[in-house]
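Here is the structure we will look at.
None of these values were measured; they are calculated from a predicted model.
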Amino acid sequence: MAKQRESRWVKLVVASIVRPIMAAITKVDWRGQHHIPRKGGVIVASNHLSLADPLTVAHYLYVAGRRWPTFTSKDSVFRIPVVGFVARSTGQIGVKRGSTEAIKALQEAEKALTEDGCSVIFYPEGTCTRDPNGWPMVAKTGVARLALTTGAPVVPVAHWGEQELLPYGTTKVRPFPRKRVQYLAGPAVDLDKYRGEPITSSLLKDATADIMRAITDLQAEIRGEVPPAIPFDPKAARQDQLTEGAADAAENGREDAGPAAPPEKNKPAQAENAATSGGAGGKNDDAS
């Protein structure tokens, strides 16, 4: 069982430290925790607003959901004195991103779900949202793949408020006055239509879209707002910026160049034709 992965006394110490801190800096509004199964492997898929999220989602899952939170964390975290010891002793999963070692982390996550019966928290977006209004953005497909290969249910969880506690892009914590942090869990995402089918890129994208739609709908309920019809895509946004930048540069170049100089009256016609049609020099310049 999961207790083989974790040290009970370390868990108690961590909980006794973290819970009072969270109570001191947040006013919680928790709903939907009955959707989180009390036992057995479960994937908790959540949106990502702030670097404070791991603390608030762990608080919600532990107190309201009655489950111990297991995260996948950067491998560098495990090399930090004390912090690394706590991470290992509480069953957290280290990930060496950008390397073949990431496969081992996936295998450990599968084991945590299927053999140890853990509740594993994932941020499908992979990083804090870049949507200007804080809505969930386009996600990666790893959570969908893990759900389909393990059969573990995916419980969507949305939250709102951490951006006031620790805004993304800054290290300045704003603990006072206490910030209202809202959490809402929904029923497990229905992925039955994908199970038993060949796991293709297209299938994973569709399953991921279903998971993110569930999370987005929950956040919309919390906020009382209508989410964007199309989720924010950071790659597309960067491409648009590059395209706009190139267009602006080209426009500025035309403005700086000014009007074309009139041709010299005595310039031989053959030389003029060679310059305008490319000629050997033109071809070499293009190739360089």
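A continuous path of ILVMFWY side-chain contacts below 4.5 Å connects Ile25 to Ile17, so both sit in one hydrophobic cluster. By the criterion of side-chain heavy atoms lying less than 4.5 angstrom apart, applied directly or through intervening Ile, Leu, Val, Met, Phe, Trp or Tyr residues, Leu165 is grouped together with Leu55 in one hydrophobic cluster. Transitive grouping of hydrophobic side chains (ILVMFWY, heavy atoms separated by less than 4.5 Å) keeps Val77 and Ile121 in distinct clusters. Tracing side-chain contacts under 4.5 Å through hydrophobic residues (I, L, V, M, F, W, Y), one reaches Val63 starting from Val28; they form part of the same cluster. Residues Leu106 and Leu191 share a hydrophobic cluster, clusters being chains of Ile/Leu/Val/Met/Phe/Trp/Tyr side chains in contact below 4.5 Å.
Contact of the Arg5 side chain with the Ile93 side chain is registered, since non-hydrogen atoms from C-beta on lie closer than 4.5 Å. Residues Trp30 and Gln182 fail the side-chain proximity criterion, which asks for heavy atoms closer than 4.5 Å. Between Asp116 and Lys111 there is a side-chain heavy-atom pair separated by less than 4.5 Å. Under the 4.5 Å side-chain criterion, counting only non-hydrogen atoms from C-beta, Ile230 is not in contact with Pro228. With a 4.5 Å cut-off on side-chain heavy atoms, Val143 and Thr208 do not count as touching. The shortest distance between side-chain heavy atoms of Tyr194 and Asp192 does not fall below 4.5 Å. Two residues are said to be in side-chain contact when any heavy atoms from C-beta on lie closer than 4.5 Å; Val18 and Ile21 fail this criterion. Looking at heavy atoms from C-beta onward, Tyr123 lies in side-chain contact with Val57 at the 4.5 angstrom threshold.
Every pair tested for salt bridge (Lys or Arg N to Asp or Glu O under 4.0 Å) that includes a residue from residues 41-70 fails, sequence neighbours excluded, so the list is empty. Among residue pairs with one or both ends in residues 128-170, those qualifying as ring pair (Phe, Tyr, Trp, His ring centres under 6.0 Å) are His159-Tyr183; sequence neighbours excluded. Applying the salt bridge (Lys or Arg N to Asp or Glu O under 4.0 Å) test to every pair with at least one member in residues 200-215, sequence neighbours left out, gives these pairs: Lys193-Asp210, Asp210-Arg213.
A donor-acceptor distance shorter than 3.5 angstrom exists from the side chain of Arg38 to the backbone of Gly65, with no hydrogens or angles considered. A side-chain donor-acceptor contact under 3.5 Å links Gln92 to the backbone of Thr90. Looking only at distances, no side-chain donor or acceptor of Arg130 sits under 3.5 Å from a matching main-chain atom of Ala237. Thr141 places no side-chain N or O within donor-acceptor distance of the main-chain N or O of Ala144, the cut-off being under 3.5 Å. Judged purely by atom type and a 3.5 angstrom limit, Asp131 uses its side chain to pair as donor or acceptor with the backbone of Asn133. Remark: side-chain polar atoms of Ser16 are paired, donor with acceptor, to backbone N or O of Val13 under 3.5 angstrom. Checking side-chain atoms of Tyr60 against main-chain N and O of Arg31 turns up a donor-acceptor pair under 3.5 Å. When atom types are taken as modelled, the side chain of Lys39 and the backbone of Pro37 share no donor-acceptor pair closer than 3.5 angstrom.
Scanning both residues, Ala188 and Pro156, for their nearest heavy atoms gives CA-CD, 4.2 Å. Listed here is the closest heavy atom pair of Ala15 and Pro20: O-CD, 4.0 Å. The shortest heavy-atom contact between Val189 and Ala214 is CG2-CB, 3.9 Å. When all heavy atoms of Met137 and Met212 are compared, the pair lying nearest together is O-CE, 3.8 Å. Of all heavy-atom pairs spanning Val157 and Ala185, the tightest one is CG2-CB, 3.9 Å. Looking at every heavy atom in both residues, Val154 comes nearest to Ala147 through CG2-CB, 3.4 Å.
With hydrogens and angles left out, the side-chain atoms of Gln219 and Arg223 include a donor and acceptor closer than 3.5 Å. For the 3.5 Å distance criterion, the side chains of Glu162 and Thr56 qualify, holding a donor opposite an acceptor.
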**OP:** Go through Lys27 and Val181 one step at a time and tell me if the side-chain contact (heavy atoms from CB on, under 4.5 Å) criterion holds.
**Re:** CA-CA 6 Å; Lys27 295 183 290 186; Val181 175; over 6 Å; no
Original post:
Should Val42 and Leu113 be marked as a side-chain contact (heavy atoms from CB on, under 4.5 Å) after you check the CA-CA gap, both sets of side-chain angles, and the distance that decides it?
Top reply: CA-CA 6 Å; Val42 58; Leu113 289 166; 5.7 Å; no
Original post:
Stepwise, does the side-chain contact (heavy atoms from CB on, under 4.5 Å) test hold for Phe122 with Val120?
Top reply: CA-CA 7 Å; Phe122 288 95; Val120 186; 3.3 Å; yes
Subject >> Lys74 vs Val95, side-chain contact (heavy atoms from CB on, under 4.5 Å): CA-CA, chis, key distance, verdict >> reply: CA-CA 5 Å; Lys74 291 182 180 179; Val95 179; over 6 Å; no
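Note on Glu6 versus Arg88: no salt bridge recorded, every NZ/NE/NH1/NH2 to OD/OE distance being 4.0 Å or above.
With a 6.0 Å radius and a threshold of 12 heavy atoms from other residues, nucleotides or ligands, Arg145 has its CZ atom at or below the threshold. By the 6.0 Å contact criterion, CZ on Arg195 is enclosed, its count of non-hydrogen atoms from other residues, nucleotides or ligands being greater than 12. More than 12 heavy atoms of other shown residues, nucleotides or ligands fall within 6.0 angstrom of atom CG in Leu12.
For the atom pair CD1 (Ile215) and CG (Leu184), the distance works out to 11.5 Å, reported to the nearest 0.5 Å. Distance check: Leu61 CG to Gln33 CD gives 10.5 Å after rounding to the nearest 0.5 Å. The distance from atom CD1 of Ile43 to atom CG of Leu146, rounded to the nearest 0.5 Å, is 4.0 Å. Thr171 OG1 to Leu166 CG: the interatomic distance, rounded to the nearest 0.5 Å, is 8.0 Å. Atom OG1 of Thr26 and atom CD of Glu164 lie 13.5 Å apart (nearest 0.5 Å). Between the OG1 atom of Thr129 and the CD atom of Gln163 there is a distance of 11.0 Å, given to the nearest 0.5 Å.
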